[in-house]
Amino acid sequence: MVTFVIRTLIIKDLFMKLKFLGVLVLLAVLAACGEDEPNNDVENPGGAFDLTIFFVNDPHGRIDNFAKIKTIVDRARAQGEVLVVTAGDLFAGNPIVDQAAEPGFPIIDIMNQVGFDVGVLGNHEFDFGTTILQDRVEQSDFPWILANIDASQSVLEQPDPFITLSAGGFDITFLGLIETRGKDREIPSTHPLRVADLSFQRHREVVNNYANLKAEEGSDLLIGLTHLGSRDDIFLANNSPFFDLIIGGHSHERISEEVNGIPVIQAGSNLRTLGRIDLTIENQEIADYRVRLIDLETVEDATPDEALAEVIATYNNDDSFSTVVGNSNIDHEFLDMGCFYTTALKEFMDVDFTIQNLGGIRAGFNEGPITTFEVFSMDPFNNQSVTFTKTVGEFENFFCGAGAEFFFTGITVASSSNDFQLVDDNGVPLADDMQLTLGVNDFIPALYDDFFDFAEADIKDYTTAEAVIGYLQSLNEDVDFGGCISVLECEAN
């Protein structure tokens with residue numbers, strides 16, 4: 001009996017041990033199986049991962065195609081992980097956006113409804129000044145980033161230099177950079193007076209401070225989200241190889257290149273194109289990718305989202321921009337518009353002569369009625385009208401010192417390789433001490449403040465666009481500047 005009991009206890013003990021070991025084996029098998037499944041509760045599960053990034057740049061106030069974009073983005077979101085980004089310059093180009101009661105808000109409102117994830121500030125984001133920009137930033141449902149700006153003395157809240165977004169358990173870091181080709185290469189290409197409370201560094205001076213950002217953030221990808229232009233994006237790819245991808249703007253190009261093993265992409269301008277890059281990410285690298293630049297004017301499988309199309313239509317149906325202020329006999333091209341613009345300012349401001357920077361003319365006039373919409377499209381920057389009275393000698397020094405081309409009306413120039421002079425209608429040089437009054441937008445004297453002192457300016461209470469409208473309304477004839485070319489540049493040594 002004793003022997004039997006002892007054997008029984010041994011058998012029971014062995015059974016329990018085997019049962020316990022079986023449980024351990026089962027748990028181990030389940031754990032091993034789980035290693036092949038994505039686990040969104042852990043940082044970077046380690047396997048291959050697919051991500052789609054949609055990108056736009058330089059829409060310049062164009063809003064109509066956002067209804068198609070929403071359809072395309074929503075369809076992709078239903079199928080996988082998606083991020084949507086903008087590479088800057090939302091503003092400047094469409095009166096519906098630029099002349100809104102809250103300048104710039106309509107496009108922010110629309111992009112919120114599309115569901116953008118991040119944007120980099122472009123140079124034209126600063127065109128309305130920092131107070132208005134801060135309002136638009138606060139209204140954005142997506143963050144704005146920029147690494148080479150100091151806003152500590154401004155009402156603009158300091159942007160974060162980068163942001164890390166999570167997609168499917170993976171971390172994607174975006175670093176923002178902007179060009180500084182404005183006044184003295186110290187600011188972006190915007191009105192100097194509107195960024196007076198900001199300071200900027202050239203992107204090449206700061207970018208390598210972020211060489212270890214990917215490791216510091218524990219990110220799977222580091223993406224440069226830039227508003228630099230393609231030349232500088234290519235420079236970045238060649239000289240800052242810690243980027244995995246560069247999504248750019250500013251140069252208004254459709255680009256899909258691989259530079260130094262890094263995709264460099266850009267989606268044109270004016271919201272004619274939607275960029276899409278489909279990525280396979282593995283071991284914190286891009287294992288594979290495909291870029292598509294979708295022509296939004298011809299795409300056939302993107303019926304505009306009805307709800308957003310209604311919002312856009314409400315913005316577009318603003319009758320205040322349909323007021324007819326004149327009539328054009330012809331389709332006015334770029335050079336024609338330079339003659340028209342400077343003539344309009346000269347006559348309305350009643351000055352001796354006017355000039356205009358070539359980049360300040362953004363659209364032409366079509367043949368037929370000229371509306372306020374067309375005027376604000378041609379001159380979208382809300383620049384103030386100002387006059388300066390100086391001597392002929394001072395103006396000659398300005399033109400040669402500026403080293404730039406200007407449209408002009410009201411003066412005659414004699415220029416050669418050895419001389420540059422303002423002359424009368426008979427070609428006789430004007431006396432150096434003769435005084436002339438210049439009418440101009442306030443951007444040019446702010447840009448060339450070595451030559452112009454605003455303490456000497458007569459600042460008008462109307463913008464240059466309003467001056468143009470006033471001129472058109474005063475005319476008793478149709479507008480026709482066809483074939484007119486009036487471009488001034490000092491070429492004297």
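In what follows, residues are counted from 1 in the order of the sequence shown.
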Query - With Ile63, the side chain to side chain contact (heavy atoms under 4.5 Å, CB included) member among Asp109, Leu271, Leu308, Asn316 - result: Asn316
Requested in this report: Under the ring-ring contact (aromatic ring centres under 6.0 Å, His included) rule, what do Phe340 and Phe365 come out as? Steps first, then yes or no, please.
Outcome: CA-CA 10 Å; Phe340 162 77; Phe365 289 160; 5.1 Å; yes
To the nearest 0.5 Å, how far apart are [atom1] in [X] and [atom2] in [Y]?
X	Y	atom1	atom2	answer
Lys183	Leu193	NZ	CG	9.5 Å
Phe142	Leu83	CZ	CG	13.5 Å
Asn239	Ile234	CG	CD1	11.5 Å
Phe443	Arg194	CZ	CZ	10.0 Å
Asp50	Glu81	CG	CD	10.0 Å
Ile107	Phe91	CD1	CZ	7.0 Å

Exercise: do [X] and [Y] side chains pair donor with acceptor under 3.5 Å:
X	Y	result
Ser219	Asp171	no
Arg254	Thr273	yes
Thr190	Asn123	no
Glu179	Ser189	yes
Asn270	Arg62	yes
Thr164	Glu217	yes
Asn65	Glu297	yes
Gln139	Asn112	no
Asn57	His250	no
Gln356	Thr342	no
Asp379	Thr464	yes
Ser251	Gln266	yes
Ser269	Asp58	no

Does a sphere of radius 6.0 Å around [atom1] in [X] hold more than 12 heavy atoms from other residues, nucleotides or ligands, not counting ones at 6.0 Å or beyond?
X	atom1	value
Gln158	CD	yes
Gln79	CD	yes
Glu285	CD	no

Would you check if the side chain of [X] reaches a backbone N or O of [Y] as a donor-acceptor pair within less than 3.5 Å?
X	Y	answer
Asp89	His124	yes
Asp98	Pro103	no
Asp197	Thr130	no
Asn94	Ile96	yes
Ser240	Ala237	no
Asn441	Ser385	no
Glu310	Ala307	no
Asp318	Tyr315	no
His252	Gly268	no
Ser328	Gly368	no

Answer whether the closest heavy-atom distance between the side chains of [X] and [Y] falls below 4.5 Å.
X	Y	answer
Glu102	Phe128	no
Thr323	Thr371	no
Val375	Glu466	no
Val207	Leu177	yes
Val468	Met378	yes
Ile53	Val85	yes
Val206	Gln201	yes
Phe116	Val56	yes

Query raised in the report: Mind checking whether Phe398 and Phe406 have parallel, tilted or perpendicular rings, split at 30° and 60°?
Result: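 Phe398 and Phe406: tilted rings.
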Requested in this report: May I ask you to check if Arg136 and Phe105 form a cation-pi contact, with NZ or CZ under 6.0 angstrom from the six-membered ring centre and within 45° of the axis?
Outcome: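 No, a cation-pi geometry is absent between Arg136 and Phe105.
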Requested in this report: Go through Ile255 and Asp233 one step at a time and tell me if the side chain to side chain contact (heavy atoms under 4.5 Å, CB included) criterion holds.
Outcome: CA-CA 11 Å; Ile255 296 172; Asp233 284 341; over 6 Å; no
Query raised in the report: How far apart are the C-alpha atoms of Phe200 and Val195, what are their side-chain angles, what is the distance that settles it, and do they pass the side chain to side chain contact (heavy atoms under 4.5 Å, CB included) test?
Result: CA-CA 10 Å; Phe200 297 84; Val195 291; 4.3 Å; yes
Requested in this report: May I ask you to decide whether Lys68 forms a salt bridge with Asp305, counting only side-chain N to carboxylate O separations under 4.0 Å?
Outcome: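 The answer is no: the pair does not qualify as a salt bridge.
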Query raised in the report: Does Arg276 pair with Asp278 as a salt bridge, N-O distance under 4.0 Å?
Result: yes
Considering all heavy atoms of both residues, which atom of [X] and which atom of [Y] are nearest to each other, and what is their separation?
X	Y	result
Asn357	Ile444	N-CD1, 3.5 Å
Phe376	Pro95	CB-CG, 3.5 Å
Pro143	Asp117	CD-O, 3.0 Å
Ala167	Phe49	O-CZ, 3.1 Å
Ser377	Gly93	OG-O, 4.4 Å

Between [X] and [Y], is the ring centroid distance below 6.0 Å?
X	Y	value
His191	Phe126	no
Phe407	Phe334	yes
Phe162	Phe174	no

Query - Criterion side chain to side chain contact (heavy atoms under 4.5 Å, CB included) on Ile178 and Ile149, from CA distance to verdict - result: CA-CA 9 Å; Ile178 193 173; Ile149 184 176; 6.0 Å; no
Query raised in the report: Going through the checks in order, is the side chain to side chain contact (heavy atoms under 4.5 Å, CB included) test met by Tyr289 and Leu245?
Result: CA-CA 10 Å; Tyr289 71 91; Leu245 168 66; over 6 Å; no
